[in-house]
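Okay, structure first, notes after.
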Amino acid sequence: MALQTAIKYRNQPLTYEITVEEEDVYIFRLHEQRGTRLEYIPEKIVIRRKGKLWVSDVEDHEELVNALVSEIENFNSSNHHEA
């Protein structure tokens, strides 16, 4: 089972499954969408981590990519514990 993340994008809840393709390359596949589809939503997004920046191959869906990256950053921050 892959890691899943849920976001709200343009007032629609979306769930993406996240898998690692290679080191620092993450594949997001649309798993579930509730509500009505009023516009195209990418079913697959590739996000590469380069240093501290996330870069997407999806140039025209910056708002969606930013929502996914924000969710990842929140996950990393809330799960980072120091000894």
Side-chain angles (χ1 to χ4, degrees):
M1 180 178 179
L3 176 66
Q4 293 184 343
T5 187
I7 61 166
K8 193 167 193 175
Y9 172 65
R10 298 191 179 179
N11 296 318
Q12 297 183 64
L14 302 175
T15 301
Y16 278 88
E17 288 189 356
I18 306 169
T19 55
V20 179
E21 183 175 271
E22 53 189 73
E23 186 177 344
D24 293 338
V25 176
Y26 301 88
I27 307 296
F28 291 72
R29 293 187 193 277
L30 188 61
H31 174 73
E32 178 182 335
Q33 176 184 0
R34 297 184 192 111
T36 59
R37 182 177 279 195
L38 300 176
E39 63 182 89
Y40 172 74
I41 296 175
E43 293 185 16
K44 178 182 174 187
I45 298 173
V46 178
I47 296 180
R48 294 188 185 112
R49 184 174 180 147
K50 296 182 179 180
K52 294 184 178 180
L53 300 175
W54 291 84
V55 180
S56 172
D57 294 339
V58 184
E59 297 294 333
D60 58 339
H61 289 87
E62 185 175 345
E63 183 182 350
L64 174 60
V65 171
N66 288 340
L68 289 166
V69 169
S70 176
E71 190 66 27
I72 291 168
E73 289 172 345
N74 289 337
F75 177 81
N76 283 337
S77 295
S78 65
N79 288 295
H80 182 267
H81 302 285
E82 292 187 25

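- Cluster annotation: Leu3 and Val69 are assigned to the same hydrophobic cluster (Ile/Leu/Val/Met/Phe/Trp/Tyr, side-chain heavy-atom contacts under 4.5 Å, transitive).
- Using a 4.5 Å heavy-atom cutoff, the side chains of Thr5 and Leu68 are in contact.
- The distance from the CG atom of Asp24 to the CD1 atom of Ile47 is 12.5 Å, given to the nearest 0.5 Å.
- A search for side chain to side chain donor-acceptor pair (under 3.5 Å) contacts involving Arg29 returns nothing, not counting sequence neighbours.
- Between Ile27 and Lys44 the shortest side-chain heavy-atom distance falls below 4.5 Å.
- Partners of Glu62 according to the side-chain contact (heavy atoms from CB on, under 4.5 Å) rule, which considers only residues two or more places apart in sequence or in another chain, are Asn66.
- Scanning all heavy atoms of the two residues, the minimum distance from Ile45 to Pro42 falls at CG1-CB, 3.9 Å.
- Put simply, the side chain of Tyr26 does not reach to within 4.5 Å of the side chain of Thr19, judged on heavy atoms.
- Linking Ile, Leu, Val, Met, Phe, Trp and Tyr whenever their side-chain heavy atoms come within less than 4.5 Å puts Leu30 and Val20 in one cluster.
- In this structure, the side chains of Phe28 and Leu64 stay at 4.5 Å or more apart for every pair of heavy atoms.
- Between His31 and Leu14 there is no side-chain heavy-atom pair separated by less than 4.5 Å.
- With sequence neighbours excluded, no residue satisfies ring pair (Phe, Tyr, Trp, His ring centres under 6.0 Å) with Tyr9.
- Val25 and Val65 are assigned to two separate hydrophobic clusters, defined by single-linkage of ILVMFWY side chains at heavy-atom distances under 4.5 Å.
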